[in-house]
Amino acid sequence: MNPIDYLRISVIDRCNFRCQYCMPQGAELAYGLRQDWLTRGEILALVEAVFMPLGFTRFRLTGGEPLLRPDLVDIVADIAALPQTADLALTTNAFLLEKLAQPLWDAGLRRLNISLDSLDPDTFATLIGRSGVGWHRVWAGIQAAHRVGFDPLKLNVVVIPGVNDHEVLDLAALTLDRRWHVRFIEFMPIGNGDLFADAGWVPSEVLRQRIGDRWGLTSGAVRGNGPADVFQIPGAQGTLGFISQMSECFCDRCNRMRLSADGWLRPCLLNETGQLNLRDMLRGGMALADIRDRVGALVTAKPEINFKMRESGTTGAYSRTMSQIGG
Ligand code: SAM
Ligand code: SF4
């Protein structure tokens, strides 16, 4: 069992995209109020006085779209400055990254994951539910991050049959002469059950076969810190990751907890058992040491919660989408 030392912190539930697989147009969620979000001070207090003493050293900021949060750079600076922070990363759609890449770097961020589901501006517009300059701005954001020094950059691709699966080779080819990590994520039935029912999902093994047929693929998967199995096209500068939560259960190597923008701490992406609202505890005046005890008990219970879900499958109804949970 891996140590549970990684916290994904969603800083906002809002998003400027309407990705078909996450928060499709017309099925928007009722956003929470700003005052429902954990404040910058509350996030820092939880990280420093609750999670770090429990052994958490690795953090990822996510959303919704985290670049929409006005005090994001300050939140990054707060966490990056803590001596116990071993790793701090951010997941973004990169639409606002061109201007923010440098301030984020200056605040101490060194790792970025960017969602890029297509290299074709029209397909991209369809996928994100926004017409216009979307793809070009995202690409400019990626270039800016590269220039500023984020290395390696990770690009996340959710593969949807009939929508972007024909681009898998083009996306994989980005790793040939760039030190980028392109990670293919199996589409999950969270967020848009209708699309999932219509389109289905592509097993990672099928993608590896296609890529392998074109260029060959290193045979031994290198297991990273996270859920991705990492491969490489021979001679390529970058790597390919495959996140296969549909075709392969990786609960037994799960090392993470998730904190939502409105303060819900959940031990498992797919399972709401045991979740705690840390914002209510803080605002209700509970001492940080008592919150730590409650969180510590949930961390201890987490492997059991994961495995329970594994036995009952992963296709049940979810009451929250990825944009609310933070992916
Ligand atoms: N807005 C940011 C972004 O898109 O990168 C961060 C939040 S987003 C919810 C985090 C990750 O969840 C993204 O990489 C996205 O592709 C993934 N995601 C969202 N819905 C998904 C689904 N139904 N299946 C698989 N991955 C999904
Ligand atoms: Fe927004 Fe990210 Fe969800 Fe797309 S995947 S709708 S960018 S939160």
Side-chain angles (χ1 to χ4, degrees), residues 8-29 31-32 60-69 72 89-97 100 104 111-118 124-130 134-135 137-138 141-142 145 150 153-161 163-165 171 181-204 207 226-228 241-248 250 256 258-261 266 269-270 314-318 320-327:
R8 296 178 68 100
I9 305 170
S10 173
V11 293
I12 188 166
D13 60 349
R14 297 164 196 218
C15 191
N16 42 3
F17 284 6
R18 293 291 174 271
C19 297
Q20 286 187 29
Y21 51 76
C22 180
M23 193 191 333
Q25 195 97 48
E28 282 92 351
L29 305 155
Y31 288 142
R60 173 175 300 279
L61 302 177
T62 173
E65 176 43 44
L67 301 189
L68 290 175
R69 174 132 176 177
L72 177 72
L90 176 83
T91 303
T92 173
N93 65 27
F95 189 71
L96 299 172
L97 191 58
L100 279 167
L104 286 166
R111 293 213 305 116
L112 264 179
N113 287 35
I114 296 170
S115 295
L116 183 74
D117 299 313
S118 172
F124 188 77
T126 310
L127 247 164
I128 67 161
R130 292 276 189 254
W135 187 88
R137 277 194 63 169
V138 167
I142 294 172
F150 287 100
L153 275 180
K154 287 190 182 172
L155 302 184
N156 290 344
V157 184
V158 177
V159 181
I160 304 177
V163 178
N164 65 345
D165 63 326
L171 286 155
H181 293 319
V182 175
R183 306 180 338 146
F184 296 104
I185 303 173
E186 288 176 352
F187 179 27
M188 299 179 70
I190 301 184
N192 189 345
D194 292 344
L195 178 63
F196 186 86
D198 289 351
W201 55 282
V202 190
S204 297
L207 302 182
F242 297 87
I243 302 183
S244 316
Q245 70 286 352
M246 296 298 291
S247 58
E248 181 206 343
F250 43 69
R256 60 201 57 199
R258 293 176 160 84
L259 182 60
S260 70
R266 57 192 295 149
L269 173 63
L270 302 169
T314 57
T315 52
Y318 305 112
R320 299 204 119 192
T321 69
M322 292 288 218
S323 66
Q324 292 170 307
I325 303 167

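We count ligands from 1, going down the list as the structure has it; atoms in each ligand are counted the same way.
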**Asked** Arg60 and Thr91: side-chain donor and acceptor closer than 3.5 Å?
**Response** yes
Using a plain distance cutoff, I'd like to know if [X] has any nitrogen or oxygen under 3.5 Å from a nitrogen or oxygen of ligand 1.
X: Met188; answer: yes
X: Arg8; answer: no
X: Asn156; answer: yes

**Short side-chain to backbone donor-acceptor contact, Asp117 and Val158, under 3.5 Å** = yes
Should you measure from each heavy atom of [X], which atoms of ligand 1 turn up under 4.0 Å away?
X: Thr62; answer: 6 (C), 7 (C)
X: Glu186; answer: 25 (C)
X: Asn93; answer: 2 (C), 3 (C), 5 (O)
X: Glu65; answer: 1 (N), 2 (C)
X: Phe187; answer: 23 (N), 24 (N)
X: Gly64; answer: 1 (N), 2 (C), 6 (C), 7 (C)

Taking all non-hydrogen atoms of both residues, which atom of [X] and which atom of [Y] are closest, and how far apart?
X: Ser204; Y: Ser247; answer: N-OG, 4.4 Å
X: Gly129; Y: Gln25; answer: O-OE1, 2.8 Å
X: Asp13; Y: Ala261; answer: N-CB, 4.0 Å
X: Ala145; Y: Leu153; answer: CB-CD2, 4.0 Å

**Request:** Could you check which of Ala94, Ser115, Pro66 puts a non-hydrogen atom nearest to atom 4 (O) of ligand 1?
**Result:**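 Heavy atom nearest to atom 4 (O) of ligand 1 belongs to Ser115.
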**Message:** I need the contact type for Asp117 against ligand 1. Using non-hydrogen atoms and a strict under-4.0 Å cut-off, is it side chain, backbone, both or neither?
**Reply:** neither
**Prompt:** Which bit of Val158 is near ligand 1, meaning a heavy atom under 4.0 Å away: side chain, backbone, both or neither?
**Reply:** side chain
In chain order, what residues pass the side-chain contact (heavy atoms from CB on, under 4.5 Å) check against [X], with sequence neighbours excluded?
X: Ser115; result: Asn156
X: Glu65; result: Cys15, Asn16, Leu67, Leu68, Thr92, Asn93
X: Asp194; result: Asn192

**Message:** Quick check for you: to the nearest 0.5 Å, what is the distance between Phe184 atom CZ and Asn164 atom CG?
**Reply:** 9.0 Å
**Prompt:** Listing by chain and number, what protein N/O/S atoms are under 2.8 Å from atom 3 (Fe) of ligand 2?
**Reply:**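 Listed by chain and number: Cys22 SG.
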**Request:** Go through the steps for Leu96 and Arg137 under the test side chain to side chain contact (heavy atoms under 4.5 Å, CB included), then give the verdict.
**Result:** CA-CA 8 Å; Leu96 299 172; Arg137 277 194 63 169; 3.5 Å; yes
**Asked** Does the side chain of Leu155 reach to within under 4.5 Å of the side chain of Ile142, using non-hydrogen atoms?
**Response**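 They are in side-chain contact.
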